[in-house]
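Side chains are part of it too, since the values below use all heavy atoms of this structure and drop only hydrogens, waters and symmetry mates. Quick caveat: nothing in here was measured; it's all calculated off a predicted structure.
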Amino acid sequence: MAKLELKNLNKTYNRSTIPVKDISLTVEDNEFLTLLGPSGCGKSTTLRLVAGLEEPTRGNIAIGDRDVTHLKPGERNISMVFQSYALYPHMTVYENMASALKLRKIDEDEIKKRIVEASRFLDLSESLMDRKPGQLSGGQRQRVALGRALVRQPDVFLLDEPLSNLDALLRERVRAEIKQLFEQQQAPVVYVTHDQVEAMTLSTKVAVLYEGNVQQLAPPQMLYTKPANQFVAGFVGSPQMNLLTLPCDNKVAKLGDLGIPLPDRVSPQTIVLGIRPEDVRFAREEDKLTFPGKIFLVENLGMQNLLSLHVKGTGNKEITVRALLPAEVKWSGDEVTLAVSPEALHWFDSETGDRVGGE
Ligand SMILES: Nc1ncnc2c1ncn2[C@@H]1O[C@H](COP(=O)(O)OP(=O)(O)O)[C@@H](O)[C@H]1O
Ligand SMILES: [Mg+2]
């Protein structure tokens with residue numbers, strides 16, 4: 001099987017909308033790449049360029065050593081799964097899965113074999129085969145759409161927000177199925193979502209997109225532990241990373257009365273400090289980086305609590321903390337001392353938003 005390669009891909013509709021700006025990336029045949037980003041950042045357009053449903057303004061797309069940039073969609077040997085399922089309403093489940101194979105004149109026995117195999121994997125029972133899509137639940141419809149993509153045995157799989165129309169519980173189940181399913185395929189997968197949990201759980205690699213640009217291309221864990229810039233830091237992680245713009249003096253950032261040494265070599269006037277809510281704790285005796293805060297909101301998450309505090313001496317800067325609430329802390333209005341570890345801190349240039357230090 002072959003890798004998928006995008007080189008300097010651009011798409012412009014008019015001067016004001018540039019949905020895809022110079023995207024270059026490679027997806028190997030054992031990789032599951034997710035394009036993650038907010039609505040309107042160019043995810044679907046990128047996928048449609050790969051599928052051949054749009055012409056790039058500039059750049060190239062290759063599958064293995066085939067340059068497919070100017071091939072018609074049908075000539076690329078790509079399967080695409082859409083949020084809306086895109087099943088033929090007048091055809092049965094079986095016919096939906098078989099249609100592309102019939103067009104390719106694959107013989108009936110082989111078609112049947114592939115459909116039986118895919119259906120077994122996707123938990124689509126024999127009795128569903130004669131139904132029309134209208135007689136299926138949302139989850140079943142999406143499984144049929146996945147089945148239709150699988151039986152074609154394409155060189156590349158593309159999936160555009162395939163779970164978005166499913167309710168929360170079903171979404172988790174189909175997500176797990178998708179993970180198992182594609183772990184067994186030897187073809188590059190490009191998956192589009194705005195949902196960071198899907199991106200984190202499914203992918204071997206994630207490209208975070210913002211305004212048509214790749215902000216960071218990395219394994220999911222790396223996005224979390226070493227976000228390349230403030231956008232990625234704020235977009236990946238829930239609740240969001242705390243991002244505080246702090247004044248600096250002589251290589252020390254000031255969080256109220258607490259001075260925090262900056263990473264090597266930088267000496268800016270202001271810097272953005274990033275702290276994940278789970279990296280803040282209630283201070284213990286031995287903690288060095290501690291600061292006082294006043295709670296203004298307590299939310300119960302079941303296992304833990306989400307606290308919102310104002311950090312003292314910062315002009316009411318807010319910080320969110322995810323922690324187990326000590327027995328003595330009960331109410332909004334309580335004052336507490338919090339602590340962070342130096343190695344859990346993230347720093348970003350306050351002008352460019354780029355990560356500073358912490359390589
Ligand atoms: N056919 C089109 N003509 C003009 N603008 C478009 C067209 N398709 C998409 N866009 C614009 O391109 C941008 C990216 O869209 P899209 O790729 O659908 O984003 P996403 O899938 O990330 O939500 C949006 O601003 C959208 O309005
Ligand atoms: Mg989209």
Result for side-chain contact (heavy atoms from CB on, under 4.5 Å) between Val321 and one of Val280, Ile295, Val340, Ile275 points to Val280

Exercise. Does the side chain of Gln186 come under 3.5 Å of the side chain of Asn30 through a donor N or O and an acceptor N or O?
Worked result: no

With sequence neighbours left out, the residues meeting side-chain hydrogen bond (donor to acceptor under 3.5 Å, both in side chains) with Arg171 are none

Exactly one of Asp107, Ile111, Ile106 clears side-chain contact (heavy atoms from CB on, under 4.5 Å) with Asp109, and that residue is Asp107

Worksheet item: For Asn300, does the CG atom sit with more than 12 other heavy atoms under 6.0 Å from it, leaving out its own atoms?
Response: yes

If only atom types and distance count, is the side chain of Asp160 paired as donor or acceptor with the main-chain N or O of Phe82 below 3.5 Å?
no

Within a 6.0 Å radius of atom CG on Asp257, are there more than 12 heavy atoms belonging to other residues, nucleotides or ligands? no

Here the gap from Leu309 atom CG to Glu318 atom CD, rounded to the nearest 0.5 Å, amounts to 9.5 Å

Between the CG atom in Leu307 and the CG atom in Leu297, the distance rounded to the nearest 0.5 Å is 8.5 Å

Practice problem: Could you tell me whether Asp287 and Arg281 have a side-chain N and a carboxylate O separated by less than 4.0 Å? | Solution: yes

Other residues, nucleotides and ligands only: do more than 12 of their heavy atoms fall within 6.0 Å of CZ on Phe296?
yes

Exceeds 12 heavy-atom contacts within 6.0 angstrom, atom CE of Met200: yes

request  = Give a yes or no on whether Leu169 atom CG has more than 12 heavy-atom contacts from other residues, nucleotides or ligands under 6.0 Å away.
outcome  = no

| Strictly by modelled atom types, are Glu126 and Tyr94 linked by a side-chain donor-acceptor pair under 3.5 Å? | no

Determine whether the side chains of Asp67 and Asn60 contain a donor N or O and an acceptor N or O closer than 3.5 Å. yes

Sorted by chain and residue number, the side-chain hydrogen bond (donor to acceptor under 3.5 Å, both in side chains) partners of Glu286 (sequence neighbours excluded) come out as Arg284

Check: Glu31 side chain, Glu28 main-chain N or O, donor-acceptor pair, under 3.5 Å = yes

Heavy atoms of Phe235 and Gly37 approach each other most closely as CZ-C, 3.6 Å

Q) Under 3.5 Å, is there a donor-acceptor pair linking the side chains of Thr270 and Ser350? A) yes

Could you check whether atom OH of Tyr224 has more than 12 heavy atoms from other residues, nucleotides or ligands sitting under 6.0 Å from it?
yes

Sorted by chain and number, sequence neighbours left out, side-chain hydrogen bond (donor to acceptor under 3.5 Å, both in side chains) with Asp279 holds for none

Residues passing the side-chain hydrogen bond (donor to acceptor under 3.5 Å, both in side chains) test with Asn305, sequence neighbours excluded, are none

Return yes when atom NZ of Lys102 has more than 12 non-hydrogen atoms of other residues, nucleotides or ligands closer than 6.0 Å, and no otherwise. yes

Those residues at least two apart in sequence (or on a different chain) that pass ring pair (Phe, Tyr, Trp, His ring centres under 6.0 Å) with Tyr85 are none

The reported gap from CG in Leu289 to CG in Leu345 (rounded to nearest 0.5 angstrom) is 6.5 Å

When every non-hydrogen atom of Leu36 is compared with those of Ala199, the smallest separation belongs to CD2-CB, 3.9 Å

Between Pro188 and Asp155, the two heavy atoms sitting closest are CD-O, 3.0 Å

Exercise. Side-chain donor-acceptor pair under 3.5 Å between Glu198 and Tyr191, yes or no?
Worked result: yes

_Taking the basic N atoms (NZ, or NE/NH1/NH2) and the acidic carboxylate oxygens, is any pair closer than 4.0 Å for Lys312 and Glu335?_
yes

**Request:** Count the heavy atoms of every other residue, nucleotide or ligand shown that sit under 6.0 Å from CZ of Arg104, and state whether that count exceeds 12.
**Result:** yes

Notebook entry, point to check: Is it the case that Thr57 and Asn10 place a side-chain donor and acceptor less than 3.5 Å from each other?
Noted result: no

Ionic contact status for Lys112 with Glu108, cut-off 4.0 Å = no

Distance-only donor-acceptor check, side chains Gln83 and Asn165, under 3.5 Å = yes

For residues 133-154, the salt bridge (Lys or Arg N to Asp or Glu O under 4.0 Å) pairs (sequence neighbours left out) are Arg143-Glu177

Checking Arg76, Arg66, Glu5, Lys7 against Ile61 for side-chain contact (heavy atoms from CB on, under 4.5 Å), the one that qualifies is Arg76

TODO: Tell me yes or no: between the side chains of Asp195 and Thr193, is some donor less than 3.5 Å from an acceptor?
DONE: no

